[in-house]
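To start, the structure itself, in structure tokens.
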Amino acid sequence: MKKLLIAITLVSTICVGCKDNKNSENKGETSAIEESISEKEEKTASAICLLDKLSIRENASAKGKWITSISLGEKVTLTGEETIDSVSKKEYYKVKLIDGKEGWTRSTFLAVNGKVGAMLENAVVYKRPDLLTKTEKEYSIMDIIAVTETQGDWIKVKGKRSEGKYIEEGWVKTSNITNDEVDIAAAKFAGIANSQPTMTERIKALKDVINNSDLSSSKFIPVIENKIEDYESKNQPLDAQEAEAATEEVAEKTAE
């Protein structure tokens, strides 16, 4: 009887040990899977382009062979590769585009893990998410930026202001932003239109935007229509001045 009890106890101990080992193995497998998922997520980090027509090159250099360019607000995937150009000392990231193309581009003009947005109205920029840190800077309506951080009803944004020269960062109120892709596209093309050299060209380009059926649902259509009206009211005298200036320039060159 005693031998039987010892045998039963021994078998129970072995079974418990096997179960513990199996649980340990399962935990180890789970941890390995979690680590693998985490590594995959890190490798597939994304970024938002902050400069229109940003070049993508075969090598991490301004002299590298040009592959293509990416648009302001376009999302790209980071491959995880980065390097410093030995000549310019500038940092480059390797990116993958939605069509599968890969290449190198300047890290300065990317907002890592950002989310693209456009300003719904002029927005005061703050140094920190605190009303006491107001600056003299403002983002203008339809400026395209990347949201990089959220804190309560504040968001940290990165991008070039219409009135600025460089890529900047700052805090604005969440209510000032739209993330709608149609709004962002309308804002981009309106920005290109507003950069045309003459009023006539600006008016034509802006009309192309509002006549694009793919953009008809944008919240910015009324804003663009108002801009067209404003340009049209100023167009005749300004274009006359431009023509007069051009005539004078030709006359001066002829006299020389």
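Residues satisfying the salt bridge (Lys or Arg N to Asp or Glu O under 4.0 Å) test with K94, not counting sequence neighbours, are E81, E102. Legend: residues meeting side-chain hydrogen bond (donor to acceptor under 3.5 Å, both in side chains) with S88, ordered by chain and number and at least two apart, are D85. When the ring-ring contact (aromatic ring centres under 6.0 Å, His included) test is applied to Y126, the partners found at least two apart in sequence or on another chain are W154. Residues forming a side chain to side chain contact (heavy atoms under 4.5 Å, CB included) with S217 (at least two apart in sequence, or on another chain): V182.
Contact annotation: the side chain of L110 approaches that of V95 to within less than 4.5 Å [non-hydrogen atoms, C-beta and beyond]. Looking at heavy atoms from C-beta onward, L215 lies out of side-chain contact with I210 at the 4.5 angstrom threshold. With contacts defined as side-chain heavy-atom distances shorter than 4.5 Å, the pair R106/E91 does not qualify. In this structure the side chain of T108 never reaches within 4.5 angstrom of the side chain of K90, judged on heavy atoms. F220 places a side-chain heavy atom less than 4.5 Å from the side chain of T178. The shortest distance between side-chain heavy atoms of T148 and N113 does not fall below 4.5 Å. Using a 4.5 Å heavy-atom cutoff, the side chains of N59 and K65 are not in contact. Two residues are said to be in side-chain contact when any heavy atoms from C-beta on lie closer than 4.5 Å; K160 and L51 fail this criterion.
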Going through the distances and angles, do D153 and T174 end up as a side-chain hydrogen bond (donor to acceptor under 3.5 Å, both in side chains)?
CA-CA 5 Å; D153 61 346; T174 307; 5.9 Å; no
Practice prompt. List the steps, then state whether side-chain contact (heavy atoms from CB on, under 4.5 Å) holds for E169 with K156.
Written response: CA-CA 7 Å; E169 286 186 293; K156 190 175 186 180; 4.0 Å; yes
Between Y231 and N194, does a side-chain hydrogen bond (donor to acceptor under 3.5 Å, both in side chains) hold up when you go through it step by step? CA-CA 10 Å; Y231 281 156; N194 284 323; 3.1 Å; yes
Show your reasoning for whether side-chain contact (heavy atoms from CB on, under 4.5 Å) applies to N179 and K115. CA-CA 8 Å; N179 299 116; K115 185 175 181 180; 4.1 Å; yes
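Residue G159 comes nearest to L50 through the heavy atom pair CA-CD2, 4.3 Å, listed as atom of the first residue, atom of the second, then distance. Nearest heavy-atom pair across L206 and A193 is CD2-CB, 3.6 Å. Here the closest heavy-atom approach between residue A190 and residue I224 is recorded as CB-CD1, 4.0 Å. Closest non-hydrogen pair, P222 versus K219, comes out as CD-O, 3.4 Å. Closest heavy-atom contact between T83 and A60: CG2-CB, 3.3 Å. Of all the heavy atoms in L120 and I141, the pair that sits closest is O-CD1, 3.1 Å.
Judged as a salt bridge (Lys or Arg N to Asp or Glu O under 4.0 Å), the pairs with a partner in residues 184-210 (not counting sequence neighbours) are, in order, D52-K188, K204-D208, K207-E232.
Once rounded to the nearest 0.5 Å, the distance linking OG of S61 with OH of Y92 reads 5.5 Å. K134 contributes atom NZ, which lies 12.0 Å from atom CG of L132 (distance to the nearest 0.5 angstrom). Separating the CD1 atom in I98 from the NZ atom in K75 is a distance of 9.5 Å, to the nearest 0.5 Å. Here the OG atom belonging to S140 is positioned 5.0 Å from the CG atom belonging to N122, to the nearest 0.5 angstrom. Here the CG atom belonging to N235 is positioned 12.0 Å from the CD1 atom belonging to I228, to the nearest 0.5 angstrom. Here the CG atom belonging to D180 is positioned 7.0 Å from the OG atom belonging to S218, to the nearest 0.5 angstrom.
Under a hydrophobic clustering in which Ile, Leu, Val, Met, Phe, Trp and Tyr are joined whenever their side-chain heavy atoms come within less than 4.5 Å, directly or via other members, F189 and M142 fall into the same cluster. Hydrophobic cluster membership differs between I192 and I144, with clusters built from Ile, Leu, Val, Met, Phe, Trp and Tyr side chains linked at under 4.5 angstrom. Hydrophobic clustering (side-chain heavy atoms under 4.5 Å, transitive across Ile, Leu, Val, Met, Phe, Trp, Tyr) groups V223 together with M199. A chain of hydrophobic side-chain contacts below 4.5 Å, direct or via other Ile, Leu, Val, Met, Phe, Trp or Tyr residues, connects I167 to L54. Under the 4.5 Å side-chain heavy-atom criterion for ILVMFWY residues, a single connected hydrophobic cluster contains both F109 and Y93.
Salt bridge annotation for E168-R161: present, with a cationic side-chain nitrogen under 4.0 angstrom from a carboxylate oxygen. Salt bridge annotation for D130-R128: absent, with no cationic side-chain nitrogen under 4.0 angstrom from a carboxylate oxygen.
Side-chain atoms of S162 and D143 form a donor-acceptor pair, as typed in the model, at a separation below 3.5 Å.
Between the W171 side chain and the K173 main chain, no donor and acceptor come within less than 3.5 Å of each other. No donor-acceptor pair closer than 3.5 Å links the side chain of E229 to the backbone N or O of N226. Of the possible donor and acceptor atoms, none in the side chain of S69 sits under 3.5 Å from a partner among the backbone N and O of K53.
I177 belongs to a hydrophobic cluster with M119, V125, Y139, I145, V147, I155, V157, V172, counting contacts under 4.5 Å between side-chain heavy atoms of Ile, Leu, Val, Met, Phe, Trp and Tyr, direct or through other members.
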